[in-house]
Amino acid sequence: MGSYMNNYFTVQTGFYGNTSPDRLLEQFGSPLYVYNENILRKRCREMANLVPYANFKANYSVKANSNLELLKIVRSEGLHADAMSPGEIFVLMKAGFKPEEIFYVSNNVSAGEMKFAIERGIITSIDSLSQLELYGRINPGGKVAVRFNPGVGAGHHEKVITGGKKTKFGVNLDLVDEVKRILKKYNLKLAGINQHIGSLFMEGDPYIEGLKSILSVAEKFDDIEFLDFGGGFGIPYRKQERQPRLDLDTLGKKLGDIISSWVKKYEKEVIIKIEPGRYIVAECGVLLGTVYAVKKNYGDTYVGTDLGFNTLMRPVMYDAHHEIEVYKNGKPVSTEVLEKVNIVGNICESGDIIAKERLLPKIEEGDIIGVMDAGAYGYSMASNYNNRLRPAEVLVRSNGEVSLIRRRDTLEDLVRNFDL
Ligand code: LLP
């Protein structure tokens, strides 16, 4: 398998800039989310330029990571954003996004939440006929988008497949006439149509299939302003095995061809949007933690760390795989001898395993563990379970310098809302 360390992602990318894992933990405490600005910017540019079509726009899907500093960088790269809640809209606006740069993809929301977007001039996508009725009642004559379910889905786990026959999302394609009836009833203008087939595909085919069925729906409406094909672009989590990247060149060209010929037929240069979340932020984030105990239970080795599932939920929730790097005295471990271990956290549940049965260099108390590709759905799904404090977040800037971009929770944060 070659030297484990030669494959270290953070070595290859100069991830830690002028600093190192041990110095970072000394300065900011453990556990800690570390982000790399160069990688973030690179991924933004790849998505911003994915489709060779003049009216193309990438909307960053803020649910993947809503750190204000990262959002400002994403915006500085020219991306717009999609939001899933008033909270996400609020945070996006704090980061400087203008209402016209935000698309609210709503799902089962109250009239109050719809009004939150309407009052701010933010276009909302509606996810069902009943919600379209509600929207019509509170904003007659307004502009709206409708999310359709293209009948195909994709994703790394059944919990994140959002298109196809077994999901709560979108309006079925055969309900176009009903949609038209409600639009007319409330004099609503259909500004856009959107979809999202699911999260994490490594082959573009289902995405293209979904796109084609949305295009055929769009033809049934006059004067559409935009089409949004959703996110789901995967990243290679299995970096040690050199998993290939999603082939963006091929996918982008295919999308460009389909869109260009459709636009000719439709006789309007509609705006084409995508909604990548994971692809933008996953690889720019590493979660660092500390090893406090190593033990054998009935033959299995458990490496006990402060990386409970309150810090990174994905392995427990989806059996997700994240590559692990091991550092001793701040340096990547270079031993060739590998040992099978389970890396576990400090939460009171047996399921609290961040990496199961992994072959890793020998790990001892005091070593530092780096969890790769933790930038997407890491901090954004972190919690205070067991009244643990969510980690701090730091950014390694393009010049190699590091700065704190969110402080660690404090004990006082745990009782803040009891101040009645
Ligand atoms: N647009 C909509 C409407 C979505 O629901 C999502 C993700 C996205 C865009 C962005 O998808 P992405 O490009 O990040 O795949 N927590 C899970 C992923 C949940 C995705 C939910 N929706 C995970 O950690 O894998």
Side-chain angles (χ1 to χ4, degrees), residues 47 50-51 56-64 81-85 88 103-109 123-132 144-179 190 192-221 224 226-235 246-248 251-252 254-255 258-259 262 270 272-280 282 314 317-318 320 376-377:
M47 283 290 125
L50 180 69
V51 181
F56 171 72
K57 199 75 196 173
N59 279 2
Y60 168 59
S61 198
V62 62
K63 57 182 74 69
D82 86 73
M84 202 72 199
S85 67
E88 288 189 351
F103 182 41
Y104 177 33
V105 183
S106 79
N107 176 240
N108 308 328
V109 302
I123 294 273
T124 301
S125 118
I126 301 293
D127 200 26
S128 62
L129 297 179
S130 60
Q131 292 257 286
L132 191 56
V144 72
V146 171
R147 175 173 179 171
F148 280 94
N149 178 342
V152 291
H156 66 86
H157 189 280
E158 64 176 28
K159 289 191 176 114
V160 300
I161 297 175
T162 50
K165 305 231 158 57
K166 291 279 175 221
T167 157
K168 67 170 178 164
F169 291 105
V171 174
N172 280 5
L173 296 180
D174 56 7
L175 294 175
V176 168
D177 288 342
E178 279 297 291
V179 169
L190 187 74
I193 291 180
N194 57 305
Q195 69 167 18
H196 174 68
I197 61 169
S199 194
L200 205 162
F201 58 81
M202 294 306 284
E203 305 282 342
D205 293 350
Y207 196 77
I208 287 173
E209 231 184 285
L211 175 147
K212 282 183 180 159
S213 52
I214 290 301
L215 290 178
S216 64
V217 172
E219 280 159 22
K220 298 179 182 159
F221 294 92
I224 295 276
F226 69 87
L227 297 173
D228 182 334
F229 299 125
F233 305 86
I235 63 115
L246 177 62
D247 182 354
L248 292 182
L251 178 59
K254 279 190 192 165
L255 294 175
I258 296 170
I259 289 161
W262 185 85
V270 295
I272 299 293
K273 304 183 192 196
I274 58 169
E275 291 171 1
R278 183 188 318 274
Y279 194 88
I280 302 280
R314 301 193 70 258
M317 184 108 166
Y318 316 109
Y377 307 107

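These numbers come from a predicted model, not from an experiment.
- Looking at heavy atoms from C-beta onward, Phe221 lies in side-chain contact with Val179 at the 4.5 angstrom threshold.
- Taking both residues in full, the closest heavy atoms of Leu173 and Ser213 are given as CD1-CB, 4.0 Å, listed atom of the first, atom of the second, then distance.
- For Gln131 (side chain) and Val109 (main-chain N/O), a donor-acceptor pair under 3.5 Å exists by modelled atom type.
- For the atom pair His157 NE2 and Ser199 OG, the distance stands at 12.0 Å (nearest 0.5 Å).
- In terms of modelled atom types and a separation under 3.5 Å, the side chain of Lys159 and the main chain of Met317 share a donor-acceptor contact.
- Counting only heavy atoms from C-beta outward, the side chains of Ile193 and Leu227 approach each other to under 4.5 Å.
- Expressed to the nearest 0.5 Å, how far CD1 of Ile208 lies from CD1 of Ile258 amounts to 5.0 Å.
- The distance from the OH atom of Tyr279 to the CG atom of Leu248 is 4.0 Å, given to the nearest 0.5 Å.
- Distance check, rounded to the nearest 0.5 Å: CG of Asp82 to CE of Met84 gives 8.0 Å.
- In the displayed structure, Lys254 atom NZ is contacted under 6.0 Å by at most 12 heavy atoms of other residues, nucleotides or ligands.
- Side-chain atoms of Asn149 never come within 3.5 Å of backbone atoms of Gly163 as a donor-acceptor pair (strictly under, hydrogens ignored).
- Distance alone, capped at 3.5 Å, places no donor-acceptor pair between the Asn59 side chain and the Glu275 backbone.
- With respect to the salt-bridge test (charged N to carboxylate O, under 4.0 angstrom), the residues Lys220 and Asp177 do not qualify.
- In this model, no donor atom of one side chain and acceptor atom of the other lie less than 3.5 Å apart for Lys273 and Asn194.
- We find the CZ-CD1 distance between Phe233 and Ile274 to be 4.0 Å, quoted to the nearest 0.5 Å.
- One N or O on the side chain of Tyr207 and one on the backbone of Phe229 form a donor-acceptor pair closer than 3.5 Å.
- Heavy atoms only, all atoms of each residue included: Leu211 and Leu255 are closest at CD1-CD2, 3.3 Å.
- Smallest separation of non-hydrogen atoms from Arg314 and Tyr377: CG-O, 3.5 Å.
- For the salt bridge (Lys or Arg N to Asp or Glu O under 4.0 Å) test, no residue two or more places apart in sequence or in another chain qualifies with Glu209.
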- Item | Test log, rule side chain to side chain contact (heavy atoms under 4.5 Å, CB included), inputs Glu219 and Trp262 | CA-CA 9 Å; Glu219 280 159 22; Trp262 185 85; 2.9 Å; yes
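- The line from CG of Asn107 to NZ of Lys168 is 4.0 Å long, rounded to the nearest 0.5 Å.
- Taking a 6.0 Å sphere around CD of Glu203, one finds it holds 12 or fewer heavy atoms contributed by other residues, nucleotides or ligands.
- For the residue pair Ile214 and Gln195, the shortest heavy atom distance occurs at CG1-OE1, 2.7 Å.
- Inter-residue side-chain proximity for Ile235 and Leu246 is flagged as unmet; no heavy-atom pair is nearer than 4.5 Å.
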- Item | Stepwise side chain to side chain contact (heavy atoms under 4.5 Å, CB included) test for Ile272 and Val51 | CA-CA 9 Å; Ile272 299 293; Val51 181; 5.7 Å; no
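- A donor-acceptor pair under 3.5 Å is formed between the side chain of Ser106 and the backbone N or O of Ser125.
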- Item | salt bridge (charged side-chain N to carboxylate O under 4.0 Å, His left out) evaluation trace for Lys57 with Asp228 | CA-CA 9 Å; Lys57 199 75 196 173; Asp228 182 334; over 6 Å; no
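- Scanning all heavy atoms of the two residues, the minimum distance from Gly153 to Pro206 falls at O-CB, 4.3 Å.
- Below 30°, between 30° and 60°, or above 60°: for Phe226 and Phe103 the angle between ring planes is above 60°, a perpendicular geometry.
- Summarising the geometry of Phe201 relative to Ala154, their closest heavy-atom pair is CB-CB, 4.3 Å, with the distance given to 0.1 Å.
- Taking the six-membered ring where the residue is Trp, the centroids of His196 and Phe169 are separated by 6.0 Å or more.
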